[in-house]
J.: 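Dropping the structure in here first, questions after.
Remember, it's a predicted structure, so these values are computed and weren't measured experimentally. A, B, ... follow the sequence lines: proteins, then strands. Residue 1 opens every chain.
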2 protein chains.
Amino acid sequence: MKTTKQYGKKADKALSMWVKLARAAATFGQLTDEDIRRYGVTQAQFGALETLGHLGPLTLGELCKKQLVSGGNMTVVVDNLEKEELVERIPSTEDRRVVLVQLTKKGKRLFDEIFVQHAQCVADLASVLTEEEQDELGRLSKKLGMSLQKRL
Amino acid sequence: MKTTKQYGKKADKALSMWVKLARAAATFGQLTDEDIRRYGVTQAQFGALETLGHLGPLTLGELCKKQLVSGGNMTVVVDNLEKEELVERIPSTEDRRVVLVQLTKKGKRLFDEIFVQHAQCVADLASVLTEEEQDELGRLSKKLGMSLQKRL
DNA sequence: CTGAATTACTTCAAATTTAAACTATTTGAA
DNA sequence: TTCAAATAGTTTAAATTTGAAGTAATTCAG
């Protein structure tokens, strides 16, 4: 039984949207995670590899922002990727506080290898929506995310 | 520079949508979390209170499914809520393996009190989209989430 | 120039979360 | 009926994540 106007029309609409958005993202995330584990990396590690692979070398701080992850966590994630020799830390010469992170050759190879497969997986999951629906969901999510980003 | 057709048109579209969806959900989640903390409960605790408040007593397993959380975690979350006397465990008489969880009077009071405020917060965050956009984002998220739920 | 405030990253402790092993109970096939 | 398999929940250990404190480097107002 779905109660209406429990908190007012606007609030009900917003709550309803948020529940659905959160569930869709969580479920999609769990399924992509199952795929990611097959490559022997964690979700966080995969995210870092993805960002570095697409955007090239970034500072640790930039990586944090892209991934919406705390600094303390990113240090650990990069530590572990470095142990696997998938990324390397390059101290910045301009600003000695800054550390650049970039993919190693091995990291690039892994990135190239697994991303094609992972893209297939994501495409498969997304295919429950039509291409038009995917565009629209992307557009609305982007608008929501970009607008809220400013409030963080 | 946005590269096109990196993984094929369909995969690119799906990846693009997924990135935006994940970011929107993460950002929205961080902002609602800031609000939730003001009430002195964690996000997971709040989620359980919300579900119990809206749906009434549920078994621990049902709560796990609603919240997309592991059983071991839900045990801890309910333990902590029980320490605060916000929920109580009621052993099922029909099936002695089963434990029902329900709000206490104190829990109901808290639920009634904080949910109006939280609904306002969510409505405020969502207001960066028009009501029509919220409907559409909700509709598409629901379709995506419900379809993928089956694959878990 | 100087030093107070800011910034970038790391370290540490605590909280959260998961997955696997375990207990207790129920179900169902032989 | 009986016992193997399945189910519900708890416990445990390990991994992840966060936030706060700490270190080092930079910036900028005076």
J.: Report, as yes or no, whether the 6.0 Å neighbourhood of atom NZ on K65(B) holds more than 12 heavy atoms from other residues, nucleotides or ligands.
T.: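 At most 12 heavy atoms, drawn from other residues, nucleotides or ligands, come within 6.0 Å of this atom.
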
J.: Using a heavy-atom cut-off of 4.0 Å across all strands, would you classify V77(B) as base, sugar-phosphate, or nothing?
T.: nothing

J.: For nucleotides 8-10 of chain D, which of its nitrogen or oxygen atoms have a protein nitrogen or oxygen under 3.5 Å away, and what is each distance?
T.:
unit_1, atom_1, unit_2, atom_2, d
dG9(D), OP1, L60(B), N, 3.2
dG9(D), OP1, V99(B), N, 3.2
dG9(D), OP1, V99(B), O, 3.2
dG9(D), OP2, G61(B), N, 2.7
dT10(D), OP1, R89(B), NE, 2.8
dT10(D), OP1, R89(B), NH2, 3.3
dT10(D), OP2, T75(B), OG1, 2.8

J.: Apply the hydrophobic cluster definition, ILVMFWY joined by side-chain contacts under 4.5 Å directly or through others, and give me every member besides I90(A).
T.: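 Cluster partners of I90(A): L100(A).
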
J.: Walk me through whether E34(A) and L31(A) qualify under side chain to side chain contact (heavy atoms under 4.5 Å, CB included).
T.: CA-CA 5 Å; E34(A) 282 177 20; L31(A) 289 167; 4.2 Å; yes

J.: For A22(B), check side chain to side chain contact (heavy atoms under 4.5 Å, CB included) against everything at least two apart and list the hits.
T.: W18(B)

J.: For DNA chain C, which residues of residues 25-53 of chain A approach it to below 4.0 angstrom with any heavy atom?
T.: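 When residues 25-53 of chain A is checked for heavy atoms under 4.0 Å from DNA chain C, there are no hits whatsoever.
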
J.: Please enumerate all residues that pass salt bridge (Lys or Arg N to Asp or Glu O under 4.0 Å) together with R96(B), with sequence neighbours excluded.
T.: none

J.: Could you tell me whether R38(A) and D35(A) have a side-chain N and a carboxylate O separated by less than 4.0 Å?
T.: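 Yes, charged N to carboxylate O under 4.0 Å.
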
J.: When you check the gap from the basic side-chain N to the acidic O, do R37(B) and D33(B) get nearer than 4.0 Å?
T.: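 Counted as a salt bridge, because a side-chain N and a carboxylate O are separated by less than 4.0 Å.
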
J.: When you list every nucleotide of DNA chain C with an atom under 4.0 Å from a heavy atom of chain A, which one comes first 5' to 3', and which comes last?
T.: dT7(C) to dT11(C)

J.: Do the side chain of K13(B) and the main chain of A126(A) share a donor and acceptor less than 3.5 angstrom apart?
T.: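 Checked: no pair found.
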
J.: Treating S16(B) as the side-chain partner and D12(B) as the backbone partner, does any N or O pair qualify as donor plus acceptor under 3.5 Å?
T.: no

J.: According to the Watson-Crick and G-U wobble definitions, with both distances under 3.5 Å, which nucleotide is paired to dA30(C)?
T.: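 Pairing partner: dT1(D).
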
J.: Check this for me: K10(A), atom NZ, are more than 12 non-hydrogen atoms of other residues, nucleotides or ligands nearer than 6.0 Å?
T.: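 For K10(A), atom NZ is not crowded (no more than 12 foreign heavy atoms under 6.0 Å).
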
